[in-house]
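Presented below is the structure to which this report refers.
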Amino acid sequence: MNFVNKYFLKLSKQTSLIPGAKDVINMLQKEGNEFIIIFARGGMIEEMKDIAIEKLNEENLHLTNIIGNKMIN
């Protein structure tokens with residue numbers, strides 16, 4: 001098993017947002033700004049995309065659009 005398959009999912013679940021990111025995103029949304037997140041996760045391992053979306057949901061970040069392998073509204 002290579003490094004990607006062995007560690008990526010486990011490490012992705014342990015990551016957190018950059019300190020202050022949630023506060024800035026919330027502030028900008030309150031000002032009426034729209035956020036579109038574009039990421040490459042899921043290209044090699046489909047579950048990576050799901051983990052990224054789950055992390056955003058855990059932080060109660062309700063973003064306008066998330067674009068990975070497909071658009072999610």
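The structure displayed is predicted, hence computed values, not measured ones.
Here Asn26 pairs with Lys22, Gln29, Leu61 under the side chain to side chain contact (heavy atoms under 4.5 Å, CB included) rule; sequence neighbours left out.
The cluster map of Ile, Leu, Val, Met, Phe, Trp and Tyr, joined by side-chain heavy atoms under 4.5 Å apart, puts Ile18 and Ile51 in different clusters.
Residue Leu11 qualifies as enclosed at atom CG: its count of foreign heavy atoms under 6.0 Å is above 12.
Of the possible polar contacts, one joining the Lys55 side chain to the Lys13 backbone as a donor-acceptor pair under 3.5 Å is found.
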